[in-house]
Amino acid sequence: MKANKIFGSLWFKCIAVLLVISCVAGGLLAILNDVLYVSAEERSARAIKKIYGKEMAYSIVLDVDSDNDDINEQIKYDNLGSINKIFTITNGDSEDILFQTTGEGGYKGTVTVWTQVNVNGNKYDIVKVVLESFTKETLMSKLSSSFFNNFCLTDVTADYNAGKDFTPYANENGFTNVATGATKSSNAGCNAVNCVLKYLREGGQNG
């Protein structure tokens, strides 16, 4: 009789319902996790397709998301930021190097971009810079397509460019690129691309 009262009580029914819901929800999450899982390789392929507009053959030089310890070590540069991914891509008769970099020195956070560099012999041309993401930057809407287009340079490793970096501040020794009203966010964006310049000029060593 006492057992019947316990099993028939309201609190027992509530606990039983919660347990059933928890079990079902846990099972569904486990199934969805397997179904919706996207590998690092698939994420890379999607990012490349977004930039090029089509699928491209590529090789991985560096990818911080990889499980391979030989290629997942992030390259960091003091006071600039880091390189998270490097891919080499066959692009017609030439080769591209595609970088994902994160620039520091923003208003409160960072800016991450993709930079497409075309390689022609010993000549490196920045073809495209695309925003990937940002953290704690409140004025990113001011960084328009023209801001990112201003990063496109011909022969970034040439002697006359060797000592120059991108900066939002007027500087005769640098390439000034700033979005009006968003100097700090511009600085983080500039530093993201400066990581690419440093890599190309100095052979990819950590700073």
Side-chain angles (χ1 to χ4, degrees), residues 43-44 46-48 50-52 61-65 72-89 96-119 123-207:
R43 289 197 298 273
S44 298
R46 289 180 183 180
I48 291 170
K50 178 181 177 181
I51 292 167
Y52 286 85
V61 178
L62 182 156
D63 188 346
V64 295
D65 294 327
N72 65 7
E73 184 177 354
Q74 187 181 57
I75 297 175
K76 296 182 179 181
Y77 295 121
D78 293 341
N79 302 317
L80 287 181
S82 61
I83 299 179
N84 312 313
K85 300 174 185 285
I86 304 174
F87 305 125
T88 56
I89 298 173
D96 286 351
I97 308 176
L98 184 64
F99 297 83
Q100 188 203 81
T101 56
T102 298
E104 300 173 353
Y107 174 60
K108 290 184 178 180
T110 61
V111 172
T112 298
V113 302
W114 289 95
T115 301
Q116 176 189 348
V117 178
N118 182 254
V119 182
K123 186 166 170 281
Y124 297 92
D125 300 335
I126 296 180
V127 177
K128 184 184 294 185
V129 176
V130 178
L131 177 66
E132 165 67 15
S133 61
F134 57 90
T135 61
K136 300 180 180 179
E137 295 298 295
T138 57
L139 297 173
M140 289 300 295
S141 61
K142 293 183 177 292
L143 271 60
S144 64
S145 58
S146 61
F147 172 79
F148 293 103
N149 289 339
N150 286 339
F151 288 118
C152 295
L153 283 180
T154 299
D155 201 358
V156 299
T157 57
D159 290 341
Y160 68 89
N161 284 346
K164 293 185 176 183
D165 286 329
F166 289 102
T167 174
Y169 309 105
N171 186 342
E172 62 181 10
N173 295 317
F175 303 103
T176 302
N177 189 18
V178 59
T180 303
T183 302
K184 284 291 188 178
S185 293
S186 298
N187 190 54
C190 286
N191 282 340
V193 181
N194 287 337
C195 287
V196 173
L197 299 185
K198 192 171 183 69
Y199 179 92
L200 294 174
R201 292 167 178 163
E202 300 181 7
Q205 299 299 312
N206 278 301

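Considering every non-hydrogen atom in both K108 and K136, the closest pair reads CB-O, 3.6 Å. Nearest heavy atoms, C195 versus I83: O-CD1, 3.8 Å.
Applying the ring-ring contact (aromatic ring centres under 6.0 Å, His included) test to F134 and every residue at least two apart in sequence or in another chain returns nothing. Not counting sequence neighbours, the partners of F99 by the ring-ring contact (aromatic ring centres under 6.0 Å, His included) test are Y199.
Y52 OH: more than 12 foreign heavy atoms inside a 6.0 Å radius. Within 6.0 Å of the NZ atom in K123, the count of heavy atoms belonging to other residues, nucleotides or ligands exceeds 12.
A donor-acceptor pair under 3.5 Å is formed between the side chain of R201 and the backbone N or O of V156. A donor-acceptor pair under 3.5 Å is formed between the side chain of E137 and the backbone N or O of G109. Proximity of a side-chain donor or acceptor of N177 to a complementary backbone N or O of T167 within less than 3.5 Å is not detected. S82 places no side-chain N or O within 3.5 Å of a backbone atom of N84 that could act as its donor or acceptor partner. A donor-acceptor pair is defined here as one N or O able to donate and one able to accept, closer than 3.5 Å; no such pair exists between the side chain of D125 and the backbone of N118. With hydrogens and angles disregarded, no donor-acceptor distance shorter than 3.5 Å links the side chain of N187 to the backbone of T183. The backbone N or O of E132 sits nowhere less than 3.5 Å from a side-chain atom of T112 that would complete a donor-acceptor pair.
By the 4.5 Å heavy-atom criterion applied to side chains, V61 and T88 are counted as neighbours.
Considering CD of Q116 and SG of C152, their distance stands at 9.0 Å, rounded to 0.5 Å.
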Query - Candidate pair N194 and Y77, rule side chain to side chain donor-acceptor pair (under 3.5 Å), full reasoning - result: CA-CA 10 Å; N194 287 337; Y77 295 121; over 6 Å; no
Report task. Let me see the working for L98 and W114 under side-chain contact (heavy atoms from CB on, under 4.5 Å), right down to the final yes or no. Result -> CA-CA 7 Å; L98 184 64; W114 289 95; 3.7 Å; yes
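With respect to K198 and D165, no salt bridge is recorded, no charged nitrogen being found less than 4.0 Å from a carboxylate O. Between K85 and D63 there is a salt bridge, since at least one side-chain N of the basic residue sits less than 4.0 Å from a carboxylate O of the acidic one. A salt bridge between D78 and K76 is absent, with no side-chain N of the basic residue lying under 4.0 Å from a carboxylate O of the acidic one.
Screening N191, T135, T102 for a side chain to side chain donor-acceptor pair (under 3.5 Å) involving T110 leaves a single residue, T135.
Using cut-offs of 30° and 60° for the angle between ring planes, the F148 and F151 rings count as tilted.
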